[in-house]
Amino acid sequence: MEAGLFTANNVWMMVCTALVFFMHTGFGFLEIGLTRQKNTINILFKNIFIITGGLLLYYAFGFNLMYPGFEEGSSGILKFAGFGIGAPENGMTPDYATGGYTWWTDFLFQGMFAATAATIVSGAVAERIKIGSFMIFVIFYVGLVYPIVGAWKWGGGFLDSWGFYDFAGSTLVHSVGGWAALVAIALLGSRIGKFGSDGKPKAIPGHSIPMATAGVLILWLGWFGFNGGSVLSADPALTSLVLVTTSLAAAAGGFGAFLLSTVLYKNMDLTMFLNGILGGLVGITAGADLMSPNEAVVIGFIAGLIIVLGVSFIDKLKLDDPVGAVTVHLICGIWGTLAVGILGDKAGFDQFLTQLFGVLIIGAFCVISSGIILGVLKAVMGLRVSKKEELEGLDIHEHGMDAYPDFRTNEH
Amino acid sequence: MEAGLFTANNVWMMVCTALVFFMHTGFGFLEIGLTRQKNTINILFKNIFIITGGLLLYYAFGFNLMYPGFEEGSSGILKFAGFGIGAPENGMTPDYATGGYTWWTDFLFQGMFAATAATIVSGAVAERIKIGSFMIFVIFYVGLVYPIVGAWKWGGGFLDSWGFYDFAGSTLVHSVGGWAALVAIALLGSRIGKFGSDGKPKAIPGHSIPMATAGVLILWLGWFGFNGGSVLSADPALTSLVLVTTSLAAAAGGFGAFLLSTVLYKNMDLTMFLNGILGGLVGITAGADLMSPNEAVVIGFIAGLIIVLGVSFIDKLKLDDPVGAVTVHLICGIWGTLAVGILGDKAGFDQFLTQLFGVLIIGAFCVISSGIILGVLKAVMGLRVSKKEELEGLDIHEHGMDAYPDFRTNEH
Amino acid sequence: MEAGLFTANNVWMMVCTALVFFMHTGFGFLEIGLTRQKNTINILFKNIFIITGGLLLYYAFGFNLMYPGFEEGSSGILKFAGFGIGAPENGMTPDYATGGYTWWTDFLFQGMFAATAATIVSGAVAERIKIGSFMIFVIFYVGLVYPIVGAWKWGGGFLDSWGFYDFAGSTLVHSVGGWAALVAIALLGSRIGKFGSDGKPKAIPGHSIPMATAGVLILWLGWFGFNGGSVLSADPALTSLVLVTTSLAAAAGGFGAFLLSTVLYKNMDLTMFLNGILGGLVGITAGADLMSPNEAVVIGFIAGLIIVLGVSFIDKLKLDDPVGAVTVHLICGIWGTLAVGILGDKAGFDQFLTQLFGVLIIGAFCVISSGIILGVLKAVMGLRVSKKEELEGLDIHEHGMDAYPDFRTNEH
């Protein structure tokens, strides 16, 4: 391979790595924007812990658990290639990964992905989880569950052999996070005041919609890298198609949610619009390289409708998900994964069944594993902060600080 | 063409696409930062609508209206190549666009541009326009006016044949938005309280200067892609020159505005400094590839002076432009377009006249078309919210929410 | 050299240039987040002045002072190649800089670096320095001191000949800023209220921890370009290694600071976590291309410990550094520079002594030159604002505006 092509490929993958890293800023903004001010430091702390800890865990063993190099004829379920990330002999040459990138780029791009699953959970459990319990959960979920599941498909494991398709992680990243979010909010219970004595859900408004909006725009930007980098090279035709399908699905998702929520609720709800964009992004992620622009619009638009219905459905289940993480990441993740069997280059009944099977088996594994981790934590050290702490805010109690200690309005 | 060069070109164009997309975050921050808190959700909603709707419109027909492939000998005024964005046979090969990028990249880069013109209007009409009327305006202006005007030059139409030059859109993007902004604020009238009973303008301060500052820095960053991508390849000499002229003009624009406003008004006005940067960026956009660094500094510096004088001039006309959009995008856009005839590789009297002609004909078309769209909207459904709504804020009335619902100061 | 490789190299360098530019947004967010609201406009003004002024100075003469092309046998201390940035004949060809980038890219990448040193000082002197004095200081420090010191190593001067190593500027950028910050806060004195009558330091909380957090994440992102671009080409092996060592050091730095501060102070301090990340980034910067991932983790982790101890040490010296700039940029910069002699490909006693020598000689020059500049300014026009101005805020007094003029809480 000519040096120019190898270099251009690797440049693109490094750019995508940077963009995926930037998504953590987007997640942070979105989560604190949609939650109350008194828990802002706590949420940011969790996010910073996830980014730094997630990367260190992936370096220590996650990468080698996710890409262990399954032998021919192995079960393709679990293998560990050892601690650390020493590069193979050809790791910096075009021979490695057919010239798409170097070993170091490979590690870092995948490492930036790894933390995402935990960040999804962070939003759902916000405002009531104990920071210590959450940190331990992250260590196990990012360190073990995420890479093990990832190995099944992206590491060349059994789901890959069976033809399961998940281009950039509608299931492997988003649903993996979403299932744990679902289990966690079921175990945690709802925030004080979320459901009235009549059982009806009550909106608990966040503290900065501008931050939430910026968060969504940054996430969309980051998705250029999340999906664009999942091509694993800078192949001009494929990367540019992926950016088009990704952006059109985002736009259509936003529109779908905007239209349905305006029809149903008669007000122009910005947060629905924003979550619709995220739903479209999650929805297109499994098949971003398989869809035509038209199909991407359809997938995104349906994801947008799902967002409006899903948020209301989660409420009806008396589950409390402050940022809509289960709807966005789990339900739209499932939709996107199944859509690979319905639309695009791989559509077909066999593929649909394979997709469904993948969704179910990964769902079962994630529910069980997160259930065990969180269940043990609940029994041993508790998951939830005290009522007093929840009412007064986690920032003061867990961190001894306020997010805006010197903020004044000009009326004073 | 070697695969490495084609790939590197396309990588650059995708990076630039991402940067132009990020500009919408910058516009959003700038607009809400410089306006009052009670209208924040409304402005963000408009911005999100523009990004998503603009991209979908461009996908549906805008791209084919802007790049219709005028036949030899046609008038070069209007042609429509059909709905949708099906790729031509050679769309993914170096044969398309001389190897600068693929068809998909082409669509997405141009699609990210399309929404910008409407965003410029959004800032000018902030705090008093009806959301429904604005959305309909956007559909016509982004969907029809912008691509039709674009076709005249970038689509190879009659202005292109006549030698009009506009590298990255001082006129085709910024003035197109700026003319409509001017028409819109004339039709809308000024915000309550903007002009005292003595007719003197009164400053209506925004609600977050840090957000406005971040917005300008993000816009500058985005301009790396806006101008850098307008090279339409990663040609090393040309792209790097464009980044240098762009950044120097931004810096000089900021300085020009800073110096003049300090001399005139004796205080170090951050918002003038910021608008000067934007003025420099808009000013260099028409000829960023034609200027030497020295010429870029001159163009930017003059644009900075124009900002200070222009903002005051708009005030004198009793026009109310909350974010200075007309001065930044229209006046500096005109300056930059004319500067192509005064400085740089194409300077000359003939070129100057051609530039002037282009400015006038596009200005006339934009004023007339935006006048018709907005005039009809004003007659049929009204442009302006009620006095009560304006006073109490568009957020509560149009969207039923507050931008910072749970924001507290620590004094409470 | 094939055109594809040259183009890919230059694309990477332009991307890195954009990322380094974006760091100024990060610095701005960090500095205002950690300081009081009443001084927000002032800090942003200083930052915008530094970016625009710094770039213009670098264009006017800084670049030619930093890369003057020392003749064989010259002292390698000082040479000036003339005003302006006219490109050499081969400046746009692969012959220039062995195909890593064009002359224009070279200028702009280095120009984006130039302003950083002054920005570091800006944070340390925040909330009490006179804006006029600071601007004059910036002109001399960015215009003269920074490029002269840079010439000694990166410009091929005497420190380069002696084997001093500083990959991306732990010393040449961060310590250069850090030394001046130290001198400045010694000359300025502490803010009113920082040290009680018992001499004990009192925390003066900032006004927006979310902004500070976003700032750190943006800085981390920017460091992809700061270190990644310092490879001066897109060499796949080296650039990707540098991104890995940079990110691992950042993560380990955060963790080190988090762990030590939690052990010492028993609360989970987000700002320590954040400053630990910055410490790790500064620490790895001198040898990011020389270290293995394991060594990067060690360097970063130690930098994180240094942060916690250093902040407390600066307090003990009765120096008032509102954002921890001296600890982050000076102390961790020294640590990173010395670490090149202890770990990695160049480790050895001779190298360690050379590194130490470089640190000392640059430190001496920076202390003396910043002492002279600031000392003269103090004598002639004063460095510090009046007590009244400090108490009431620099925003109102120096700029006549408030950062959040229309910000209300929903309780009103």
Quiz item: Do any pairs count as a side chain to side chain donor-acceptor pair (under 3.5 Å) and have a residue in residues 2-17 of chain B, sequence neighbours left out, and if so which ones?
Solution: B/Asn10-B/Thr105

Quiz item: Relative to chain B, which segment of A/Ile204 carries a heavy atom at a distance below 4.5 Å: side chain, backbone, both, or neither?
Solution: neither

Self-check item: salt bridge (charged side-chain N to carboxylate O under 4.0 Å, His left out) between B/Glu392 and B/Lys38, intermediate numbers included
Solution: CA-CA 7 Å; B/Glu392 294 179 359; B/Lys38 64 185 175 185; over 6 Å; no

Quiz item: Which of the residues B/Met14, B/Met92, B/Glu398 is involved in the greatest number of heavy-atom pairs with chain A at under 4.5 angstrom?
Solution: B/Met14

Practice problem: Would you confirm whether the ring centroid of A/Phe407 sits within less than 6.0 angstrom of the ring centroid of B/Phe407? | Solution: yes

Exercise. Heavy-atom distances under 4.5 Å only: say whether B/Met112 touches chain A with side chain, backbone, both or neither.
Key: side chain

Quiz prompt | Engaged part of A/Val244 at the chain B interface, taking heavy atoms whose separation is under 4.5 Å | solution = both

Exercise. Select one option (side chain, backbone, both, neither) describing which atoms of B/Ile131 are under 4.5 Å from chain A's heavy atoms.
Key: side chain

Self-check item: salt_bridge(A/Arg191, A/Asp320) N-O dist < 4.0 Å
Solution: yes

Exercise. Please flag which part of A/Phe301 lies under 4.5 Å from any non-hydrogen atom of chain B: side chain, backbone, both or neither.
Key: neither

Exercise. Can you tell which part of A/Ile277 gets under 4.5 Å to a heavy atom of chain B, answering side chain, backbone, both or neither?
Key: side chain

Quiz item: For B/Tyr96 and B/Asp106, does a side-chain donor sit closer than 3.5 Å to a side-chain acceptor?
Solution: yes

Quiz prompt | Under 3.5 Å side-chain donor-acceptor pair for B/Tyr404 and B/Gln37 | solution = no

Exercise. Sort A/Val297 into side chain, backbone, both or neither according to what part of it lies under 4.5 angstrom from a heavy atom of chain B.
Key: side chain

Exercise. Please determine, among B/Ile32, B/Ile85, B/Asn47, the option with the most heavy-atom pairs under 4.5 Å with chain A.
Key: B/Ile85

Exercise. Using non-hydrogen atoms and a 4.5 Å limit, figure out which bit of B/Phe45 sits close to chain A: side chain, backbone, both or neither.
Key: both

Quiz item: Measuring heavy-atom distances to chain B, does A/Thr213 have an atom under 4.5 Å in its side chain, in its backbone, in both, or in neither?
Solution: side chain

Quiz item: Is the distance between the ring centroids of B/Phe49 and B/Phe134 less than 6.0 Å?
Solution: no

Quiz item: Hey, mind stepping through B/Asn42 and B/Lys46 against side-chain contact (heavy atoms from CB on, under 4.5 Å) and telling me if it holds?
Solution: CA-CA 6 Å; B/Asn42 183 254; B/Lys46 285 191 299 175; 4.0 Å; yes

Quiz item: A/Glu295: what forms a side-chain hydrogen bond (donor to acceptor under 3.5 Å, both in side chains) with it, not counting sequence neighbours?
Solution: A/Ser292

Quiz item: Within residues 221-230 of chain A, which positions have a heavy-atom distance to chain B below 4.5 Å?
Solution: A/Leu221, A/Phe224

Quiz prompt | Sorted by number, residues from residues 257-272 of chain A in contact with chain B (heavy atoms, under 4.5 Å) | solution = A/Phe258, A/Asn267, A/Met268, A/Asp269, A/Leu270, A/Thr271

